[in-house]
Protein chains: 2
Amino acid sequence: MDDIDLKIIGLLALDAKRSLADIGGSVGLSPSSVNERIRRLTASGAIRQFTVDLDPAAMGVQTLVFVWIALREDADEAAFRDYAARHPLILECHHVTGAWAYLVKLRVGAPPEIEGFLAELKAHRYLGRSETVIALSSPVPGPFVPKES
Amino acid sequence: MDDIDLKIIGLLALDAKRSLADIGGSVGLSPSSVNERIRRLTASGAIRQFTVDLDPAAMGVQTLVFVWIALREDADEAAFRDYAARHPLILECHHVTGAWAYLVKLRVGAPPEIEGFLAELKAHRYLGRSETVIALSSPVPGPFVPKES
DNA sequence: CGTGAAATCGACCGTAG
DNA sequence: CTACGGTCGATTTCACG
């Protein structure tokens, strides 16, 4: 993982459809060398996957929501993590330091849908307390990659 | 934007390197029709870009951090948003409801680096109060796409 | 939206530094 | 061990029906 690898990764992050010849011209290598490096980066797991960054609005999920969660004392934590991993709306779920146990990031079409999500969590007996935060605007939105349905 | 478009997007999200013929086989269209749909989706902005999802650990930024921020009363909010957009460590920045004004998500190599980040915010006279939360583990990590340097 | 042809691209090889 | 150039097969792309 040298400077050239980092440069290649930077170029791919901006546009993964650039040709090997094009990338090679930018980093000073032949297309086949670039190909070999990308192959290695992918095989080693540094590049997890080639994907697409989508516009949330076009996908009908304009509303970005963060939910801080404290699990019920009798909740099955492993089951909750598995549930989060499978839930199509949950884009991220992190076990965090501080007053709350988990931070969940999700996207919905509109705020009223959040209620259903929380009800679902409650029905599964995961939810102790929670606090919901809605993004009003996003100076740095970050990429949006939907989860497999 | 019909069901087939959604299906194509779902396939591309999982693996953007699949051939048009392969995708066509999965959705029941010819390669050229799939190509035309992807071209339209890209032109309309629904697909923002083709990119790569990376392993944060391989990139040397294992530590995921969320920082709640209340700006100083005399802070230039537009300047802060611009600063956040340009900052290479800041992956996301959202203006949010609730007690705090902004939620910032960033990745660093290790926790001590957070201190430098906060000091930088303070030096620019943006930072009023803040609260830092570190992710211990991530049941649903979400994709990692670095920002252009 | 599908078919076909043409141009381009990517994968794999042997070879060299 | 990594880079290079050439070849072949696959893929994208475009005009047309």
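Side chains are part of it too, since the values below use all heavy atoms of this structure and drop only hydrogens, waters and symmetry mates. Lettering follows sequence order; numbering is per chain, from 1.
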Polar side-chain contact A:Ser19-C:dT8 base: donor and acceptor under 3.5 Å: no
d(CG, B:Leu29; C1', C:dG2) in whole Å: 10 Å
Donor-acceptor contact below 3.5 Å, side chain A:Lys147 vs main chain A:Ala85: yes
Whole angstrom value for the distance that separates P of C:dC1 from CG of B:Leu20: 14 Å
Residue of the set B:Tyr83, B:Phe80, B:Phe117 for which ring pair (Phe, Tyr, Trp, His ring centres under 6.0 Å) holds with B:His124: B:Tyr83
Nearest-Å distance for atom pair CZ/C1', residues A:Arg40 and D:dT2: 7 Å
Pair A:Asp3 + A:Lys7, salt bridge at N-O below 4.0 Å: no
Parallel, tilted or perpendicular: ring planes of B:His94 versus A:Phe66, cut at 30 and 60 degrees: tilted
Whole-Å gap separating C1' (D:dG6) and CG (A:Asn35): 14 Å
Atom pair distance, as rounded to whole Å: CZ in B:Arg18 and P in D:dT12: 12 Å
Touch class at under 4.0 angstrom, heavy-atom based, for A:Arg39 against every strand present: nothing
Proximity to the side chain of B:Ser30 - top-ranked nucleotide from C:dG2, D:dT13, D:dC4: C:dG2
Rounded interatomic separation in angstrom, taking CG from A:Asp22 and P from D:dT12: 17 Å
Distance test, side-chain N/O of A:Ser33 to OP1/OP2 of D:dC4, below 4.0 Å: yes
Length of the line joining B:Glu36:CD and D:dA15:P, which is rounded to integer Å: 12 Å
Length of the CD1-P vector between B:Ile38 and D:dT12, whole Å: 8 Å
